[in-house]
Amino acid sequence: MAKLDIERIRLKVYRFDPETDREARIDTHDVPYVDGMTVLDALFHVLEKIDGSLAFRFSCREGICGACAMFINGSYRLACETQVARVLREGHRELHVMPLPHLPVIKDLVVDMTRFWQNYEAIAPWIVTRTADPEKERLQSPAQRKLIDEYVGCILCGSCFSSCPSVWTGREYLGPNAMMKTYRWVVDSRDDAAVERLGRAGNEKGAWRCHTIFNCTEACPKKINQTSAIQGLKRRTVAAMLRGAR
Amino acid sequence: MYRPVASREVRYADLDLWPFRIKAGMWAWILHRVTGLVIVFYLVLHILVISSVLWGPGTFDATMDALRRPVFAAGELMLVGAGLYHGLNGIRIILFDLGVGIRQQKAFFAGVLALSVVGFAWAAKVFWPLIFG
Ligand code: SF4
Ligand code: FES
């Protein structure tokens with residue numbers, strides 16, 4: 001990346017503490033720019049040098065835990081993976097950092113992900129088998145593994161869930177992540193619960209709530225195509241019903 | 001039961017979040033909804049107009065004459081546009097359901113838009129004398 005000829009970068013960050021504030025506010029900080037710095041680095045500068053009360057989530061700082069998903073300059077991004085230089089090169093002159101939209105704010109950039117996790121748990125995201133455990137492991141051919149390759153890359157950051165108009169308007173909808181994960185288990189050659197999984201997903205709280213808007217696909221920092229998986233669920237649900245499986 | 005810890009949510013309409021960059025797929029969906037509403041609105045209107053025949057042929061003819069005005073011709077042209085987009089994008093969605101083109105959705109949307117514009121231009125040429133002539 002070419003060097004940027006700037007000394008400071010203006011950071012606008014969303015602040016709200018439901019216990020004391022009645023209205024949210026936007027704080028503006030001028031943060032020293034260091035080559036290669038990320039949005040998370042900028043937030044750390046505020047936390048350590050300017051205002052210790054700023055709350056945000058992070059853990060791995062290398063794009064694998066999914067804790068730092070935020071709404072940065074109009075797009076869903078991982079703060080730890082997003083270089084300030086990259087945002088500027090998109091034509092922005094300041095950093096705008098918001099919590100994930102359409103989720104309740106606990107404090108500042110920290111949102112309540114309860115519904116996201118409950119929905120994930122509801123689809124039983126673990127292997128279900130009907131055969132005796134093998135001595136060592138359940139093997140998969142490379143071709144079988146390829147079917148789930150894309151979907152195991154999910155880091156459960158919640159961006160897709162936060163971006164989906166069907167989630168905003170349907171409090172019951174399990175969301176793109178849970179649907180994509182359902183598909184991931186349905187096509188997994190080692191899993192034996194495909195029929196139950198389809199039964200759980202093939203209704204208006206599940207796959208049929210998806211209107212192929214593709215916001216989840218745009219939001220995903222791991223470039224996973226959830227819509228493709230959800231469409232796969234719809235097709236399989238119809239096929240199963242035609243076969244009379246339900 | 002899910003109960004939020006806090007009740008406040010950031011919404012896209014909040015200051016500074018705007019402009020949320022609406023991308024191809026969401027435009028396609030918004031346009032689909034809007035054109036759908038236009039078509040439903042027309043359908044209701046159409047049924048009302050046609051049912052004027054219940055009051056006899058005279059009333060029906062009078063209603064039809066009243067509708068022979070540039071403003072209604074312009075409305076019909078809009079209807080053609082809405083129908084074109086709604087139908088073409090409907091095909092796009094059906095293809096998704098069949099598993100075709102999900103990963104090329106943006107190109108498909110561009111195609112839908114291009115065909116709609118071409119069709120609309122042709123319809124506009126036909127309607128031109130009715131509106132302005
Ligand atoms: S599918 Fe992508 S956007 Fe959704 S939770 Fe997983 S990594 Fe995040
Ligand atoms: S801190 Fe783990 S993904 Fe950013």
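Letters go in sequence order (proteins before strands), and every chain restarts at 1. Treat the numbers as computed from the prediction; the structure is a model and nothing was measured.
- Classified by interplanar angle (parallel below 30°, tilted 30° to 60°, perpendicular above 60°), the ring pair Phe96(B)/Phe214(A) is perpendicular.
- To the nearest 0.5 Å, atoms CD (Gln105(B)) and OG (Ser228(A)) are separated by 11.5 Å.
- Gln144(A) CD: more than 12 foreign heavy atoms inside a 6.0 Å radius.
- Interatomic distance, Ile93(B) CD1 to Gln231(A) CD, rounded to the nearest 0.5 Å: 9.5 Å.
- Neither the backbone nor the side chain of Ile30(B) comes within contact range of chain A, judged by heavy atoms closer than 4.5 Å.
- The local environment of NZ in Lys222(A) is crowded, with over 12 non-hydrogen atoms from other residues, nucleotides or ligands closer than 6.0 Å.
- Put simply, the side chain of His211(A) does not reach to within 4.5 Å of the side chain of Met26(B), judged on heavy atoms.
- When the shell of 6.0 Å around CZ of Arg93(A) is examined, it contains 12 or fewer heavy atoms from other residues, nucleotides or ligands.
- Within 6.0 Å of CZ on Arg145(A) lie more than 12 heavy atoms contributed by other residues, nucleotides or ligands.
- The line from OG1 of Thr212(A) to CG of Asn89(B) is 8.0 Å long, rounded to the nearest 0.5 Å.
- Atom NZ of Lys234(A) is separated from atom CG of Asp97(B) by 5.5 Å, given to the nearest 0.5 angstrom.
- At a threshold of 4.5 Å between non-hydrogen side-chain atoms, the residues Lys23(B) and Ser75(A) count as touching.
- If you take CD on Gln226(A) and CD1 on Ile102(B), they are separated by 12.0 Å, rounding to the nearest 0.5 Å.
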